[in-house]
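Notes to accompany the following structure.
All of these numbers come straight from a predicted model, not from anything done at the bench. A, B, ... follow the sequence lines: proteins, then strands. Residue 1 opens every chain.
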Amino acid sequence: MKPAISIQKLNKSYKDEQALKNISFDVEQGELFGLIGPDGAGKSTLFRILTTLLLADNGEAEVMGLDVVDDFRNIRNRIGYMPGRFSLYQDLTVEENLDFFATIFGTTIEANYDLIKDIYVQLEPFKDRPAGKLSGGMKQKLALCCALIHKPEVLFLDEPTTGVDPVSRKEFWQMLKRLKQQGIAILVSTPYMDEAALCDRIALIQKGEILSIASPESINDSFHGTLVAMKSHRMYELLKALRIHPKVESCYAFGEYLNATLVEGVTDWKPIEQDMRDKGFDDLVAHDATVGIENVFMQLLSKTEA
Amino acid sequence: MSDKVIIAKDLTRKFGNFVAVDAVSFEVSKGEIFGFLGANGAGKTTAMRMLCGLLAPTSGAASVAGFDIASQTEMVKKHIGYMSQKFSMYGDLTVKENFLFYGGVYGLKRKVILERLDMMLGLLQLREATNSLVDSLPLGWKQKLSFSLATLHQPGIIFLDEPTGGVDPIARRQFWDLIYEAANDGVTIFVTTHYMDEAEYCDRVSIMVDGKIEALDSPENLRKQFNAESMDAVFQELARGTSTK
């Protein structure tokens, strides 16, 4: 079986800025593949090339075995694309937007209703509302429906959850899971690291380069060094004290706790804990930290910047 | 002026029959980092616009920096700083030009603006960006510069509307260092975010659901109150009601 998406040594520059540097990877059929990286990493450029809206400088890419340059018309009929910016017609109602996209692809809402039913029932109470007047979470759901209405084989979702609240985000990912179960391959990008855990595989991307590709479980194993979690009621002072400690490589806030990575070769954090107590952090709590994808990404980032 | 720099009492805003903000009451102390959370459409933006003197309340009242938000809007605007993720600086002006423009709007003297610009960029270690076009800078830099710009007229309160959306995890934390520094200096921070780990960094957090504040306490107490492991769990528990609206 051919991969849903196949990318070979893709390069793209804008003037003197290299947006994509020698990118290669495959997305299998029925796979939920996450592209994780901050703004400006090159995610949208890659999406535009794969959806045949932008030409690469060199390298090759195929979607469902079709070349993104030679077979662009065929590809457009077989993929769904949800761009990063909300791009539906704001002054058309929910229903009109959906009808419009169905008609363009020569189909009807009824013909593929099964595919969007789960999502559309939540939108139905608002079907006469102009799309521009929907809340952020609802806009995303409508955009997803419009991208799905012609029953695509591959779905491209460029930051579908940016600016969406945590509850709506969780719901959105549950929908993606259900679509995947119906055999649709999905390439999705996000700046939220916690969403990465829900993908089959993820690629971490920064400044046009892929830093790592792996399953969410195995990517955490690539973390080097010892990670310790600490907290106190004086968090900012503790953060500053840990950062200048000679045995601490780096220290960042991670929700309720601070996460400190120890310098290479140091595995015992007890002496550091003692030093902090001596500095007056009487209520200090310290324990081994569980490595998360954000820790890995930050470690990779600081390595590429060093 | 009392220690409470934001006081909202039964603050309400209706649009037609729709009650966007429904009799909201809370107080924020000087130097506090106050997290203002809620699902999309819960009424955060409407509440924030009222507190910034940009939208009149339908009923109820609020004072910000000691000024009434309905009758003293210009004084409110003078004493607050505002930064949003969506718009903060003009991309086709240089950093210096942006500072001169904003400083001018606030009536600051050119000499004062340039002194503060130099000092702020020095602290951020971004002096090299002084004469760069804002559009050419990385997002992480832009956000730090926007924050400095919002503090240029030395306001006592800064409103931050999703300031860290889309930046990388390191830049996001560096941004919070700026927030902590400002709060240490006695500046009050009023911040909205969709990152639940950032909710943990606030002194107190309020969660808005359908126009009402449904929870308001320190992250630690909220976790205890809802018997939850994280602020994300607290949020999921509380905000679920709005998600089907």
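- Around NZ of A:Lys127, the count of heavy atoms belonging to other residues, nucleotides or ligands within 6.0 Å does not exceed 12.
- For the set A:Ser250, A:Gly137, A:Pro166, the entry with the most heavy-atom pairs within less than 4.5 Å of chain B is A:Pro166.
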Mind running side-chain hydrogen bond (donor to acceptor under 3.5 Å, both in side chains) on A:Thr261 and A:Gln299 for me, showing each step along the way? CA-CA 9 Å; A:Thr261 307; A:Gln299 190 169 59; 5.4 Å; no

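- Within a 6.0 Å radius of CD in A:Glu124, more than 12 heavy atoms belonging to other residues, nucleotides or ligands are found.
- Of the two parts of B:Asp177, the backbone and the side chain both hold a non-hydrogen atom closer than 4.5 Å to a non-hydrogen atom of chain A.
- Ranked by non-hydrogen atom pairs under 4.5 Å with chain A, the options B:Glu200, B:Glu162, B:His194 are led by B:His194.
- Neither the backbone nor the side chain of A:Leu134 comes within contact range of chain B, judged by heavy atoms closer than 4.5 Å.
- Centroid-to-centroid, the aromatic rings of B:Tyr195 and A:Tyr192 come within less than 6.0 Å.
- Taking B:Gln174, B:Arg172, B:Glu181, B:Glu198 one by one and counting their heavy-atom pairs under 4.5 Å with chain A, the maximum is reached by B:Glu181.
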Salt bridge (charged side-chain N to carboxylate O under 4.0 Å, His left out), that's the test. Do B:Arg173 and B:Asp197 meet it? Break it down for me. CA-CA 10 Å; B:Arg173 285 165 176 85; B:Asp197 61 331; 3.6 Å; yes

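- Only the side chain of A:Phe297 comes within less than 4.5 Å of a heavy atom in chain B; its backbone stays farther off.
- For the pairing with B:Ile157, the side-chain contact (heavy atoms from CB on, under 4.5 Å) check across B:Val28, B:Ile80, B:Leu51 returns one residue only, B:Ile80.
- For an aromatic pair to be called close, the ring centres must be under 6.0 Å apart, and B:Phe159 with B:Phe190 satisfies this.
- Residue pairs meeting the salt bridge (Lys or Arg N to Asp or Glu O under 4.0 Å) criterion with at least one partner in residues 216-234 of chain A, sequence neighbours excluded, are A:Lys231-A:Glu256, A:Arg234-A:Glu237.
- Using a 4.5 Å cut-off between non-hydrogen atoms, the part of residues 217-235 of chain B that approaches chain A consists of B:Glu220, B:Arg223, B:Glu229, B:Asp232, B:Phe235.
- The aromatic rings of B:Phe36 and B:Phe26 lie tilted to each other, with the angle between the two planes from 30° to 60°.
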